[in-house]
Amino acid sequence: MGNVTTPEALALRWAEVVNDATLRDLPFKIELNAFGKIEMSPASTRHGRLQGAIAGAFSRQLADGELITECPIVTEMGVRVPDVAWASKDFLARHGDTSPLPEAPEICVEIVSPSNSEEEMRLKTDAYRKAGAREVWVVSEDGTTRFFARDGERAASVFPVRLNLPPRGSPA
């Protein structure tokens, strides 16, 4: 596939990827860059634990919407897939199950993996904000959480969520 430059072309490419039987059982998160090329990142147990804890907190503490894990969103960087997102009922009424979403839900959360660079996380944060997210949360493996609104970083979220993330550790 050549250079993909429009949201419509990225959405069509995403449909190809979703329907490709050879990609269905990969143990990786798949995203598309701005040229429609597949990018994959491996998952870890720590990453999954943090994702589960954040999803649970959203599910329990945020009313009037739904949590979404790994929802594809068309951004200026391509189709990006935040680890966890939260969408209001109004957002869901506008977009339903559209895939990829043409705009970002209100909250997009990225959990930093060892393979992520600071520059990559900055670019993803900016892309989600430009795509319409009210906030982007960046969670490090140690549980440190940074909050970014459309106008920049803030000390806390405006959303009424309290995270209780699992400590790092080995099995008992």
Side-chain angles (χ1 to χ4, degrees), residues 10-11 13-21 23-33 38-75 77-116 120-121 123-148 157-168:
L10 281 170
R13 176 69 176 126
W14 186 255
E16 290 174 2
V17 169
V18 167
N19 291 313
D20 186 333
L23 301 174
R24 287 195 183 137
D25 295 323
L26 295 176
F28 302 101
K29 176 167 110 175
I30 294 176
E31 296 178 304
L32 296 179
N33 67 19
I38 294 172
E39 296 179 352
M40 295 186 288
S41 39
S44 70
T45 301
R46 178 69 184 155
H47 192 279
R49 290 179 70 205
L50 291 169
Q51 186 176 11
I54 295 164
F58 282 9
S59 183
R60 287 186 306 274
Q61 298 174 44
L62 289 174
D64 298 322
E66 291 181 27
L67 92 94
I68 308 169
T69 57
E70 300 186 359
C71 66
I73 303 165
V74 175
T75 74
M77 289 181 67
V79 177
R80 294 295 152 182
V81 182
D83 296 301
V84 181
W86 180 83
S88 68
K89 287 181 181 177
D90 289 340
F91 181 94
L92 294 168
R94 286 193 314 274
H95 300 295
D97 290 333
T98 302
S99 185
L101 290 167
E103 66 179 295
E106 286 84 352
I107 305 173
C108 293
V109 180
E110 279 290 338
I111 300 166
V112 181
S113 298
S115 62
N116 295 128
E120 179 183 8
M121 297 312 296
L123 291 171
K124 281 186 171 190
T125 298
D126 289 348
Y128 292 136
R129 291 185 311 166
K130 288 177 184 173
R134 280 187 57 200
E135 286 187 355
V136 178
W137 299 11
V138 177
V139 180
S140 68
E141 284 199 326
D142 69 5
T144 303
T145 304
R146 297 174 67 192
F147 305 95
F148 297 88
S157 174
V158 298
F159 291 90
V161 177
R162 183 162 189 255
L163 295 179
N164 184 16
L165 300 176
R168 280 186 161 190

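Side chains are part of it too, since the values below use all heavy atoms of this structure and drop only hydrogens, waters and symmetry mates.
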Go through the steps to decide whether Leu163 and Thr145 satisfy the test side-chain contact (heavy atoms from CB on, under 4.5 Å), and finish with yes or no.
CA-CA 9 Å; Leu163 295 179; Thr145 304; 3.9 Å; yes

Show the nearest heavy-atom pair for residues Arg24 and Val18, with the distance to one decimal.
NE-O, 4.0 Å

Under a 3.5 Å cutoff, is there a donor and acceptor pairing between the side chains of Tyr128 and Glu135?
no

Please confirm whether the backbone N or O of Met77 pairs with a side-chain atom of Thr75, one donor and one acceptor, at under 3.5 Å?
yes

Could you walk me through whether Ile38 and Leu23 satisfy the side-chain contact (heavy atoms from CB on, under 4.5 Å) test, starting with their C-alpha distance in whole Å, then the side-chain angles of each, then the deciding distance to 0.1 Å, before giving a yes or no?
CA-CA 10 Å; Ile38 294 172; Leu23 301 174; 3.7 Å; yes

Nearest 0.5 Å, please: how far is CD1 in Ile111 from CG in Leu165?
8.5 Å

Verify, without hydrogens or angle tests, whether Asn116 (side chain) and Ser113 (backbone) share a donor-acceptor contact under 3.5 angstrom.
yes

Run the side-chain contact (heavy atoms from CB on, under 4.5 Å) test on Ile107 and Leu62 for me, step by step, so that the C-alpha distance in whole Å, both residues' side-chain angles and the decisive distance to 0.1 Å come before the verdict.
CA-CA 11 Å; Ile107 305 173; Leu62 289 174; 3.9 Å; yes

Atom pair NZ (Lys124) and SG (Cys108), whose distance is rounded to the nearest 0.5 Å:
11.0 Å

Rounded to the nearest 0.5 Å, what separates atom CG in Asp64 from atom CG in Leu92?
11.0 Å

Heavy-atom pair with the smallest gap, counting every atom of Ala131 and Ile73
CB-CG2, 4.4 Å

Might you confirm whether atom CG of Asp97 has over 12 heavy atoms from other residues, nucleotides or ligands at distances under 6.0 Å?
no

Restricting to non-hydrogen atoms, name the atom on Ala57 and the atom on Val161 that form the minimum distance, rounded to 0.1 Å.
CB-CG1, 4.1 Å

How close do Ser115 and Ser41 get, counting heavy atoms only, and between which atoms?
OG-CB, 4.3 Å

Which is it for Arg49 and His47 under the side-chain contact (heavy atoms from CB on, under 4.5 Å) test, yes or no, and what are the steps along the way?
CA-CA 6 Å; Arg49 290 179 70 205; His47 192 279; over 6 Å; no

Determine whether a donor-acceptor pair (N or O, by modelled atom type, separation under 3.5 Å) exists between the side chain of Thr125 and the backbone of Met121.
yes

Any side-chain heavy-atom pair from Val139 and Val109 closer than 4.5 angstrom?
yes

Just verifying a value: how many Å separate Met40 CE and Ile30 CD1, rounded to the nearest 0.5 Å?
6.0 Å

Indicate yes or no: does Arg94 engage Glu106 in a salt bridge with an N to O separation below 4.0 Å.
no

Identify the heavy atoms of Leu101 and His95 that sit nearest to each other, and give their distance.
CD2-CB, 3.7 Å

Using the ring centroid of each side chain, check whether Trp86 and Phe58 are separated by less than 6.0 Å.
no

Atom CD in Gln61, atom CZ in Phe159: separation rounded to 0.5 Å?
13.0 Å

Whether the side chain of Glu70 engages the backbone of Val81 through a donor-acceptor N/O pair (distance < 3.5 Å, no angle test) should be reported.
no

State the CG-CD distance between Leu32 and Glu39, to the nearest 0.5 angstrom.
8.0 Å

Strictly below 4.0 Å, N to O, side chains only: are Glu141 and Arg46 in salt-bridge contact?
no

Ser157 versus Trp137, closest heavy-atom pair with distance:
OG-CZ2, 3.3 Å

Quick check: does any side chain N or O of Arg60 sit under 3.5 Å from a backbone N or O of Gly56, one acting as donor and the other as acceptor?
yes

Side-chain contact, heavy-atom cut-off 4.5 Å: Pro100 with Val74?
yes

When you check the side-chain N and O atoms of Asp142 and Thr144, is any donor under 3.5 Å from an acceptor?
yes

